[in-house]
2 protein chains.
Amino acid sequence: MTAHRQTKQLEAIRTAFQTAERPLSIEELHELATRDVGTLGLRTVYRAVRRLEEEGEIARVLVPGDSDRYELASVASKHHHHFHCTACDRYFDVHGCPGGLNKIIPNGFKLEHHDLTLSGLCSSCA
Amino acid sequence: MTAHRQTKQLEAIRTAFQTAERPLSIEELHELATRDVGTLGLRTVYRAVRRLEEEGEIARVLVPGDSDRYELASVASKHHHHFHCTACDRYFDVHGCPGGLNKIIPNGFKLEHHDLTLSGLCSSCA
DNA sequence: TAGTTATTGACAATTTATTGTCAATAACCG
DNA sequence: CGGTTATTGACAATAAATTGTCAATAACTA
C-alpha cells in the first residue's frame, strides 16, 4: 500500500514546528530542520509542507507583504492573531482578540473573518 | 529642467484613485484607467505607480495573501483598516479601529503598528 | 510652429518562488 | 536479508510579476 515512511527529514520538519511554537516560513523551516539533518534540500521542505498541509497537519498563515508562513493545525484551529517583529522578522502567536469588529464595518457589509497582524519588537529584540 | 508632463495616461490613473475611493491593485488600476485611455499599457501603470509612490502621492497597502494595493496618501495617512470582499475580491476602507491591543501582546513585546483586515461580503455582494 | 525631450507601449529580459524530473538512496515488508 | 518502492536532493524548468530597452509619440518650451 501507499503508506508513509518515517524519514528523518520529515521528522526534522515536524520537530521544527513543535519546538519553534510560531509560524514558520519555508526558509525558516529549511534552516531549522537543517540543524537536525544537514543535507536537507529545499525541495524536500516544499514537498513536506505541501503534504502536511494537504493532510491537515499544518495550515497556511497569510501575512501582509510577506511570504506565507505555516503553523500546526492544532494551533491554527484556535482563533488567534500574530505579531511580527520588524527586527528579527519572526512571527509570533498572539492569543487574544479585540472584539466589536461588527461595529466598524460599513453599512450592508457582512463580516465573516478577520486577520490582525501586530508589529513592533519581540521580547528578544526590544 | 526635468519637469513632469501632464499626460492623459497619468491623469486617468489619478482619476481612478479619486473615483474608486478604495485601495487598488495594479490590475485594477489598469482596468479602471483603461476606460479613460483605452490604449493604456500595463508598463505605464507600473511606471506611474512607482513614481506616484516615490513622490508620496500614493502609498502601498500590504494585504495578507494578495498582491499589493495602492491608495492615495491622503487616505493612507489617516489610520484606518481594510475590508476584503471574498466575492468580488475588492478591498474597502474601514474607518474605525479596535483599541486595547497592548493588552493582548505577550510580555516584553513592544507594539508599534497593527494591520487589521476584515473579510466577508461587501454591500454589493451581500 | 518647430525643436527638444519626457513619456509611452510593444517586446524582451529578469527575478523570485515554486514545481518537474529522475537517478540514487533509504525505509519498509515479507 | 533482499526486493520493492516511497523519498530524497541536484538540477532543470516553469510560472508570474516586474523591469529593461528603445523606437515612436506626444507634451512642453522658446
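Throughout, a chain's letter reflects where its sequence line sits, starting with A, and its residues are numbered from 1.
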Just N and O in the side chain of Thr44(B): are any of them under 4.0 Å from OP1 or OP2 of dT8(C)? no

Here the distance between atom P of dT7(D) and atom CZ of Arg14(A), to the nearest Å, is 11 Å

Tell me whether the OP1 or OP2 atom of dA17(D) has a side-chain N or O from Ser67(B) closer than 4.0 Å. no

Phosphate OP1/OP2 of dT8(C): any Thr7(B) side-chain N/O under 4.0 Å: yes

OP1, OP2 of dT7(C) versus side-chain N and O of Arg51(B): anything below 4.0 Å? yes

Once you round it to whole Å, what is the distance between P of dT5(C) and CZ of Arg5(B)? 9 Å

Knowing that exactly one of His30(A), Arg50(A), Glu31(A) qualifies, which makes a side chain to side chain contact (heavy atoms under 4.5 Å, CB included) with Val45(A)? His30(A)

Within this structure, what is the NE2-to-P distance between His4(B) and dT5(C), rounded to whole angstrom? 16 Å

Whether the side chain of His81(A) engages the backbone of Leu116(A) through a donor-acceptor N/O pair (distance < 3.5 Å, no angle test) should be reported. yes

What is the distance, rounded to the nearest whole Å, between atom OH of Tyr70(A) and atom P of dA17(C)? 13 Å

Please report the distance, rounded to the nearest Å, between CD in Gln9(B) and P in dA10(C). 11 Å

Identify, between Asp68(B) and Thr39(A), the residue whose nearest nucleotide on DNA chain D lies closer to the 5' end. Thr39(A)

Are Glu11(A) and Arg14(A) ion-paired here, with the side-chain N under 4.0 Å from a carboxylate O? yes

Which of Glu54(B), Glu55(B), Glu53(B) passes salt bridge (Lys or Arg N to Asp or Glu O under 4.0 Å) with Arg51(B)? Answer is Glu55(B)

For the side chain of Arg43(B), counting heavy atoms from C-beta on, which of dG9(C), dT8(D), dT7(D) is nearest? dG9(C)

Gln18(A) atom CD, neighbour heavy-atom count above 12 within 6.0 Å: yes

Give a yes/no answer on whether the side chain of Tyr46(A) brings an N or O atom under 4.0 Å of OP1 or OP2 in dT19(C). no

Using only modelled atom types and a 3.5 angstrom limit, is any donor from either the side chain of Arg47(A) or the base of dG9(D) paired with an acceptor on the other? yes

Check the distance between dA6(D)'s P and Glu55(A)'s CD and give it to me in whole angstrom. 14 Å

Nearest-Å distance, CG (Leu42(A)) to P (dG20(C))? 15 Å

Which whole-number value in Å describes the distance from Leu10(B) CG to dT7(C) P? 9 Å

